[in-house]
Amino acid sequence: MEIIKKIDGCYGYIKVIGRLDTMTSPALEAELKEVIGDLEELEFDFEKLEYISSAGLRVLLSAMKTMNRQGTMVVKNVSDDVMDIFEVTGFTDILNIE
């Protein structure tokens with residue numbers, strides 16, 4: 001997995017490339033912990049995300065709970081495979097997906 005992170009003041013952009021699973025989700029969680037406290041707007045770009053496991057969903061849920069208290073979070077460019085996982089798990093009702 002590769003993470004591309006751009007922070008501009010209170011805006012954060014995170015692009016995740018590859019697989020977000022049990023082995024890789026701690027890396028994303030660590031990246032988020034470094035910056036999420038200062039953000040008012042967080043954007044995830046999942047254009048190149050191939051797969052997300054329950055561990056990855058947990059990281060997203062945690063980020064969403066934090067951002068709901070201090071701003072907004074959006075998930076963009078979700079592939080069909082990842083969207084299927086979001087739909088089966090009910091995350092399409094939880095996340096702001098564009």
Side-chain angles (χ1 to χ4, degrees):
M1 178 188 70
E2 181 182 352
I3 299 170
I4 298 171
K5 177 176 67 174
K6 297 176 185 172
I7 306 299
D8 184 12
C10 295
Y11 170 79
Y13 169 88
I14 297 177
K15 183 171 189 160
V16 182
I17 301 169
R19 295 174 58 89
L20 184 54
D21 55 25
T22 304
M23 299 300 293
T24 59
S25 62
L28 178 59
E29 190 170 31
E31 293 280 343
L32 283 170
K33 281 184 179 180
E34 288 180 16
V35 298
I36 200 165
D38 299 327
L39 299 180
E40 293 176 6
E41 188 177 351
L42 176 59
E43 177 183 332
F44 283 98
D45 184 343
F46 285 169
E47 180 182 17
K48 301 288 185 179
L49 183 66
E50 300 164 2
Y51 172 78
I52 187 166
S53 73
S54 60
L57 292 172
R58 182 185 56 78
V59 173
L60 281 183
L61 185 60
S62 177
M64 187 201 65
K65 286 180 178 179
T66 299
M67 292 309 299
N68 280 346
R69 289 190 299 270
Q70 64 194 43
T72 61
M73 181 177 115
V74 64
V75 178
K76 294 185 175 181
N77 303 319
V78 179
S79 69
D80 290 341
D81 290 339
V82 173
M83 186 61 85
D84 287 344
I85 295 168
F86 285 163
E87 288 172 355
V88 168
T89 58
F91 270 65
T92 52
D93 297 330
I94 298 171
L95 297 174
N96 181 10
I97 302 171
E98 293 181 1

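Treat the numbers as computed from the prediction; the structure is a model and nothing was measured.
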State, with a plain yes or no, whether a side-chain heavy atom of L32 is found less than 4.5 Å away from one of T66. no

Is E31 close to I14 at the side-chain level, that is, under 4.5 Å between some pair of heavy atoms? no

Quick one: do M64 and N96 satisfy side-chain contact (heavy atoms from CB on, under 4.5 Å)? Show the steps, please. CA-CA 9 Å; M64 187 201 65; N96 181 10; over 6 Å; no

Under a 4.5 Å cut-off applied to non-hydrogen side-chain atoms, are E43 and Y11 in contact? yes

So, do M73 and L95 sit near enough that their side-chain heavy atoms are less than 4.5 Å apart? yes

Is F44 reachable from I7 through a run of I, L, V, M, F, W or Y residues, each pair having side-chain heavy atoms under 4.5 Å apart? yes

For atom NZ of K65, decide whether the heavy atoms of other residues, nucleotides or ligands shown that lie under 6.0 angstrom number more than 12. no

Decide yes or no for L28 and L20: does some side-chain heavy atom of the first lie under 4.5 Å from some side-chain heavy atom of the second? yes

Listed once per pair and sorted, the salt bridge (charged side-chain N to carboxylate O under 4.0 Å, His left out) pairs that draw on residues 86-98, sequence neighbours left out: K76-E98

For the residue pair A27 and M1, what are the closest heavy atoms and their distance? CB-CE, 3.9 Å

Residue pairs, two or more places apart or on separate chains, that pass salt bridge (charged side-chain N to carboxylate O under 4.0 Å, His left out) and touch residues 7-19: K15-E47, R19-D21

Approximate separation, where rounding is to 0.5 Å, of L61 CG and L57 CG: 8.5 Å

Where I97 and F91 come nearest, the two heavy atoms and their spacing: CD1-O, 4.3 Å

If you look only at pairs with a residue in residues 48-58, which of them pass as a side chain to side chain donor-acceptor pair (under 3.5 Å), with sequence neighbours excluded? E29-R58

Rounded at 0.5 Å granularity, tell me how far OG1 in T24 sits from CD1 in I17. 12.5 Å

Are L49 and N77 close enough that some pair of their side-chain heavy atoms sits under 4.5 Å apart? no

Using the rule that Ile, Leu, Val, Met, Phe, Trp and Tyr join whenever any side-chain heavy atoms are under 4.5 Å apart, tell me whether V35 and V16 fall into a single cluster. yes

I94-L60 co-clustered via ILVMFWY side chain contacts under 4.5 Å: yes

Return the CE to CD1 distance between M83 and I52, rounded to the nearest 0.5 Å. 11.5 Å

Can you tell me how far apart OG1 (T72) and CE (M67) are? Round to the nearest 0.5 Å. 6.0 Å

